[in-house]
Amino acid sequence: MANNTRSTRLRAATARQASTRPGFGLSRAELRAIRSLKTPSGVQRFLDELPYNLGYTARSPKRVLRERTASCLEGGVFAAAALRLLGFPPLIFDLEAEQDTDHVVAIFKVRGHWGAVAKSNFTGCRYREPVYRTLRELAMSYFNTYFNLRFERTLRRYSRPVNLARFDHLNWMTTDKPIWFIAEHLCEIPHISLLTASMKKNLTRLDPRSVTGEMVGHRKKSRR
């Protein structure tokens, strides 16, 4: 039993050491590819060029880089990993909706102001310049264009930042296994409400012109 315990601790220590090396377990070619993005806006351009992944998957950043597709979760986590390699902490936060899906966003700070990088199937739920003084301001910048296919405005809450370094022992940046543990963590942590009950009651639907603009490039699952 003692030998098994020591072996488990050794494997955990080895995983921690691997994840904290300068390359975080990525190859030199992978590091070059990510660091060539240079800035948060460069990371956003890379994500914008990828097809939106409509499958129910949770790929690590390494797999996103290899397979060249990403969902909201995968894009947000990839962006956090890329920002880490560019000198930022690997932070994400969660936008929580009603009658709609949540949105995972990588966040970064420049001169005391928050910005964001994100992958979305909707035009307006992507990049934000670092001009927002608080996370609430940043979250509210997504409110007007966060809607479901009934054109209802659905954003309701946001989480505090999550530093993905907490998952380094699970090799979240490079594993070939699904990273659903990140999504599960986001579901478990507290979220902060953005609207009062009266605000929710009086919300209007998005107008058709705005919907058209937000749906540019929107991908749908093909019918068989």
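Closest approach of Leu155 to Ala139, counting heavy atoms only: CD2-O, 3.4 Å. The two residues Ser71 and Thr57 have their closest heavy-atom pair at OG-O, 4.3 Å. Heavy atoms only, all atoms of each residue included: Glu74 and Ala58 are closest at OE2-N, 3.4 Å. In this structure, Val216 and Thr123 approach most closely via the heavy-atom pair O-OG1, 3.6 Å. Shortest non-hydrogen contact noted between Phe93 and Leu95 is CZ-CD2, 3.8 Å. Between Leu138 and Gly115, the shortest heavy-atom contact is CD2-O, 4.0 Å.
Leu203 contributes atom CG, which lies 6.0 Å from atom CG of Leu195 (distance to the nearest 0.5 angstrom). A distance of 8.5 Å separates CZ of Phe46 from OG of Ser36, quoted to the nearest 0.5 Å. In this structure, Leu91 CG and Leu83 CG are separated by 8.5 Å, a value rounded to the nearest 0.5 Å. In this structure, the separation between NZ on Lys62 and CD1 on Ile179 is 14.0 Å, given to the nearest 0.5 Å. From Thr196, atom OG1 reaches atom NZ of Lys201 across 11.5 Å, with rounding to the nearest 0.5 Å. Atom-to-atom distance recorded for Thr145:OG1 and Leu206:CG is 8.0 Å, nearest 0.5 angstrom.
Between Ile189 and Val162 the shortest side-chain heavy-atom distance falls below 4.5 Å. In this structure, the side chains of Leu164 and Ile92 come closer than 4.5 Å at one or more pairs of heavy atoms. Residues Trp114 and Pro130 form no side-chain contact, since every pair of their non-hydrogen atoms from C-beta on lies 4.5 Å or further apart. Side-chain contact between Arg157 and Leu194 is absent, with no heavy atoms from C-beta onward closer than 4.5 Å. Residues Tyr52 and Cys72 have side chains in contact (heavy-atom distance under 4.5 Å, counting atoms from C-beta outward).
Following chains of ILVMFWY side-chain contacts shorter than 4.5 Å, one can reach Ile192 starting from Leu135, so the two form part of one hydrophobic cluster. Grouping the Ile, Leu, Val, Met, Phe, Trp and Tyr side chains by contacts below 4.5 angstrom, directly or via other members, places Met140 apart from Val104. Leu186 and Tyr158 are not part of a single hydrophobic cluster, where members link through side-chain heavy atoms under 4.5 Å apart. Val131 and Val43 fall into different hydrophobic clusters, where Ile, Leu, Val, Met, Phe, Trp and Tyr residues are linked whenever their side-chain heavy atoms come under 4.5 Å apart, directly or through other members. Tracing side-chain contacts under 4.5 Å through hydrophobic residues (I, L, V, M, F, W, Y), one reaches Leu65 starting from Phe88; they form part of the same cluster.
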Please lay out, stage by stage, how Tyr56 and Trp180 fare under the test ring pair (Phe, Tyr, Trp, His ring centres under 6.0 Å). CA-CA 10 Å; Tyr56 189 69; Trp180 288 120; 4.7 Å; yes

Kindly indicate, with the supporting measurements, whether the criterion side-chain contact (heavy atoms from CB on, under 4.5 Å) is fulfilled by Asn121 and Leu54. CA-CA 9 Å; Asn121 207 10; Leu54 296 171; 3.9 Å; yes

Intermediate values then yes/no, side-chain contact (heavy atoms from CB on, under 4.5 Å), His113 and Tyr132: CA-CA 5 Å; His113 289 74; Tyr132 300 93; 5.9 Å; no

Using the side-chain contact (heavy atoms from CB on, under 4.5 Å) rule, take Leu26 and Thr174 through it: C-alpha gap first, then chi angles, then the decisive distance, then the call. CA-CA 7 Å; Leu26 294 165; Thr174 57; 3.7 Å; yes

Yes or no on side-chain contact (heavy atoms from CB on, under 4.5 Å) for Leu86 and Thr39, after CA distance, side-chain angles and deciding distance? CA-CA 7 Å; Leu86 298 177; Thr39 63; 5.6 Å; no

Could you go step by step and tell me if His218 and Phe122 meet the ring pair (Phe, Tyr, Trp, His ring centres under 6.0 Å) rule? CA-CA 6 Å; His218 186 271; Phe122 294 84; 4.9 Å; yes

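For the pair Asp168 and Arg84, the salt-bridge criterion is met [side-chain N within less than 4.0 Å of a carboxylate O]. Salt bridge absent: Asp100 and Arg150 never bring a charged side-chain N and a carboxylate O closer than 4.0 Å. Salt bridge Arg59/Glu67: present, at least one basic N to carboxylate O contact under 4.0 Å. One finds a salt bridge joining Arg205 and Glu152 here, because a Lys/Arg side-chain nitrogen approaches an Asp/Glu carboxylate oxygen to under 4.0 Å.
For the residue pair Ser159/Asp94, the side-chain donor-acceptor check at 3.5 Å is not satisfied. Counting only N and O atoms by type, the side chains of Asn202 and Ser198 include no donor and acceptor under 3.5 Å apart. In summary, the side chains of Ser41 and Gln44 do not present any donor paired with an acceptor at a separation below 3.5 Å, with no hydrogens or angles considered. Using modelled atom types and a 3.5 Å distance limit, the side chains of Asp207 and Ser210 yield a donor-acceptor pair. In this model, no donor atom of one side chain and acceptor atom of the other lie less than 3.5 Å apart for Thr134 and Arg136.
A donor-acceptor contact shorter than 3.5 Å links the side chain of Arg153 to the backbone of Asn144. Not one N or O on the side chain of Arg156 forms a donor-acceptor pair closer than 3.5 Å with the backbone of Glu96. With hydrogens and angles disregarded, a donor-acceptor distance shorter than 3.5 Å links the side chain of Thr69 to the backbone of Pro51. Listed for the Thr212 side chain is a donor-acceptor partner under 3.5 Å among the backbone atoms of Pro208.
By the 6.0 Å contact criterion, CZ on Arg160 is open, its count of non-hydrogen atoms from other residues, nucleotides or ligands being 12 or less. When the shell of 6.0 Å around CZ of Arg133 is examined, it contains 12 or fewer heavy atoms from other residues, nucleotides or ligands. The environment of NZ in Lys200 is crowded: more than 12 heavy-atom neighbours from other residues, nucleotides or ligands sit within 6.0 Å. Environment of CD in Glu137: crowded, with over 12 heavy atoms of neighbouring residues, nucleotides or ligands closer than 6.0 Å.
Both the sub-6.0 Å distance and the 45° axial angle are satisfied by Arg128 relative to the ring of Tyr142.
Using cut-offs of 30° and 60° for the angle between ring planes, the His103 and Tyr146 rings count as perpendicular.
Aromatic rings of Phe24 and Trp172 (six-membered ring for Trp) have centroids beyond the 6.0 Å cut-off, not under it.
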